[in-house]
Visitor: 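Quick one: the structure is below, questions incoming.
Counting from 1, the numbers follow the sequence of the chain as shown.
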Amino acid sequence: MAINTGGVDISVVGGGVIGLTSAIALAEAGHRVRVVSRDASDGTTSAVAGGLCWPYRIRPYERAVQWSVRSFHVLAALAERPQETGARMVTGSMTEAPDAGAPQAPDDGAGDELAAWYAAVPGLRRASAAELPEGYTAGWRARTPLVDMPAHLRYLEKRLTAAGGTVERREVTSLAEAGRAADVVVNCSGLGARVLVSDPDVHPVQGQLVIVENPGIEEWHVSADAGSTDTTYVLPQPYGLVLGGTARENAWSREPDPAVAEAIVARCARRFPELARARVLAHKVGLRPARPAVRLTVEQLPDGTPCVHNYGHGGAGVTVSWGCADEVLRRVRALREGDGPLGR
């Protein structure tokens, strides 16, 4: 599987945040990169994401935290140019739902594995009693990247083009087809990997949110029980205030449920009463591409073309995107040097 040329021809399958950041890392390293995606970036699950940089519903936890820390630093740097990149640094609170015990991130049971994340975020500290909402006993205060995802995806596409990469809008029917004109295929197909590589472990975790006019809330707020199907979050974005949310395993519908939307607004209004009267701007539903663990491995396609898989990031796509992109680049470098590990 060794590739002994300089820059190589690479096809990246998938045009969401995972595919675009992987493509940028490869193109800026001198490779000839083509992203192939059925959907425009604003039609991907990434465009629906709330955009808070925080590990959420992703495994393996230790690697996810490493990827998240890398992405934190990249996004923090991009936040110096918010109009261009869509990234901003915003202060907020991460609290556990009332009466749920000591706070931890909404990590689906990760427990102490997120300690490295807490240690890595500059200025992260426990919230004082005066900073906590009524009924909450503990939480964290942090200043983290909050990303306007539609704007960020447009930035990523422009950055890829500036690095010499291209984007093709068409459906990929097989990885073998994607690799016919490439030395390497990078599979960032998200939920599509369930069919594209016949991976039954890939499944949707449906997330519904409501966007309302912002009555003046400047900080983000997240409260969640580990593994709960309902969460509460309030994320101030330039296009409106994002209220959430849900995390429903194996729910495939992309149609907003009015009853769910009403419940979301009610939960958020318990924290910010003024939201009960906020004008609704939009309803959104996205399907997080979940998997028991992210698949970031290398395998050989039937025709001998190496394929780097990078999918299954659940609800943490933007949070781990740059860390995973770095790992994709390392895998391609290993292939060039002739010592890349095969998939496992």
Side-chain angles (χ1 to χ4, degrees), residues 3 5-49 51 53 67 70-71 73-88 145 147-172 175 177-190 192 196 237-239 305 307-311 313 317-333 335-336:
I3 301 170
T5 60
V8 298
D9 292 306
I10 300 176
S11 288
V12 177
V13 179
V17 69
I18 294 295
L20 289 174
T21 50
S22 296
I24 288 168
L26 293 163
E28 291 183 347
H31 299 293
R32 297 175 293 278
V33 180
R34 174 186 58 184
V35 172
V36 185
S37 175
R38 179 191 63 189
D39 301 314
S41 60
D42 61 3
T44 65
T45 297
S46 298
V48 184
C53 183
W67 296 329
R70 167 61 175 155
S71 297
H73 292 297
V74 173
L75 291 169
L78 294 179
E80 297 177 3
R81 310 190 309 278
Q83 295 299 320
E84 176 189 357
T85 68
R88 298 169 294 131
V147 185
D148 173 349
M149 289 306 297
H152 188 58
L153 291 166
R154 290 192 295 271
Y155 160 75
L156 293 177
E157 286 195 338
K158 291 178 181 177
R159 181 167 166 179
L160 174 61
T161 300
T166 61
V167 178
E168 292 184 13
R169 298 285 178 238
R170 61 180 176 86
E171 187 167 5
V172 176
L175 295 182
E177 179 259 327
R180 287 195 187 108
D183 299 305
V184 180
V185 174
V186 179
N187 174 25
C188 303
S189 56
L196 194 61
Q237 292 285 10
Y239 54 82
T305 303
C307 176
V308 182
H309 294 289
N310 182 19
Y311 66 86
H313 303 84
V318 67
T319 301
V320 301
S321 57
W322 289 102
C324 289
D326 282 354
E327 187 160 335
V328 168
L329 179 58
R330 286 194 294 271
R331 298 297 181 105
V332 171
R333 284 175 174 163
L335 290 169
R336 288 176 59 200

Visitor: Can Asp183 and Arg336 be said to form a side chain to side chain contact (heavy atoms under 4.5 Å, CB included), step by step?
Guide: CA-CA 10 Å; Asp183 299 305; Arg336 288 176 59 200; over 6 Å; no
Visitor: At their closest point, which heavy atom of Ser46 faces which heavy atom of Val17, and how far apart are they?
Guide: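 What the structure gives for the nearest pair is OG-N, 3.0 Å.
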Visitor: Can you tell if the side chain of Leu78 reaches within under 4.5 Å of the side chain of His152, non-hydrogen atoms only?
Guide: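 Yes - at least one pair of side-chain heavy atoms lies under 4.5 Å apart.
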Visitor: Do Asp42 and Leu153 come close enough that some side-chain heavy atom pair is under 4.5 Å?
Guide: no
Visitor: Distance from Asp326 atom CG to Arg331 atom CZ, nearest 0.5 Å?
Guide: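 These two atoms lie 12.5 Å from each other.
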Visitor: For Val318 and Leu75, work out which heavy atoms get closest and say how close.
Guide: O-CD1, 4.0 Å
Visitor: Roughly how far, to the nearest 0.5 Å, is the OG1 atom of Thr21 from the CG atom of Leu329?
Guide: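 These two atoms lie 11.5 Å from each other.
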Visitor: Is the shortest side-chain N to carboxylate O distance from Arg70 to Glu327 below 4.0 Å?
Guide: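 Here Arg70 does not pair with Glu327 in a salt bridge, since their nearest N and O are not under 4.0 Å apart.
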Visitor: Would you indicate whether the side-chain heavy atoms of Val36 and Glu177 approach each other to under 4.5 Å?
Guide: no
Visitor: If every non-hydrogen atom of Val185 is compared with every non-hydrogen atom of Ala178, which pair is closest and at what distance?
Guide: CG2-C, 4.1 Å
Visitor: Roughly how far, to the nearest 0.5 Å, is CG of Leu156 from CD1 of Ile24?
Guide: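 CG of Leu156 is found 4.5 Å from CD1 of Ile24.
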Visitor: When you compare the side chain of Ser37 with that of Arg169, does any pair of heavy atoms fall below 4.5 Å?
Guide: yes
Visitor: How many angstroms lie between atom SG of Cys324 and atom CG of Asn310, to the nearest 0.5 angstrom?
Guide: 5.0 Å
Visitor: Is the closest basic N to carboxylate O distance between Glu84 and Lys158 below 4.0 Å?
Guide: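 The answer is no: the pair does not qualify as a salt bridge.
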Visitor: Can you spot which of Val308, Val328, Leu160, Val35 makes a side-chain contact (heavy atoms from CB on, under 4.5 Å) with Val12?
Guide: Val35
Visitor: If you compare all heavy atoms of Ala76 against all heavy atoms of Pro145, which two are closest, and at what distance to 0.1 Å?
Guide: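 Heavy-atom minimum between the residues: N-CG, 4.0 Å.
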Visitor: Side chain to side chain contact (heavy atoms under 4.5 Å, CB included) between Val184 and His31: does it pass, once the steps are laid out?
Guide: CA-CA 10 Å; Val184 180; His31 299 293; over 6 Å; no
Visitor: Please lay out, stage by stage, how Arg159 and Glu28 fare under the test side chain to side chain contact (heavy atoms under 4.5 Å, CB included).
Guide: CA-CA 9 Å; Arg159 181 167 166 179; Glu28 291 183 347; 2.8 Å; yes
Visitor: Please report the closest heavy-atom contact between Pro238 and Arg88, naming both atoms and the distance.
Guide: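 Result for this residue pair: CD-NH2, 3.7 Å.
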Visitor: Could you tell me the separation between the CG atom of Leu20 and the OG1 atom of Thr44, rounded to the nearest 0.5 Å?
Guide: 8.0 Å
Visitor: Quick one: are Ser71 and Thr319 in side-chain contact, heavy atoms under 4.5 Å?
Guide: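 No, every pair of side-chain atoms sits at 4.5 Å or beyond.
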Visitor: Any chance the side chains of Arg34 and Thr166 put a donor and an acceptor closer than 3.5 Å?
Guide: no
Visitor: Grab the two heavy atoms, one from Ala23 and one from Val33, that are nearest each other, plus how far apart they are.
Guide: CB-CG1, 3.7 Å
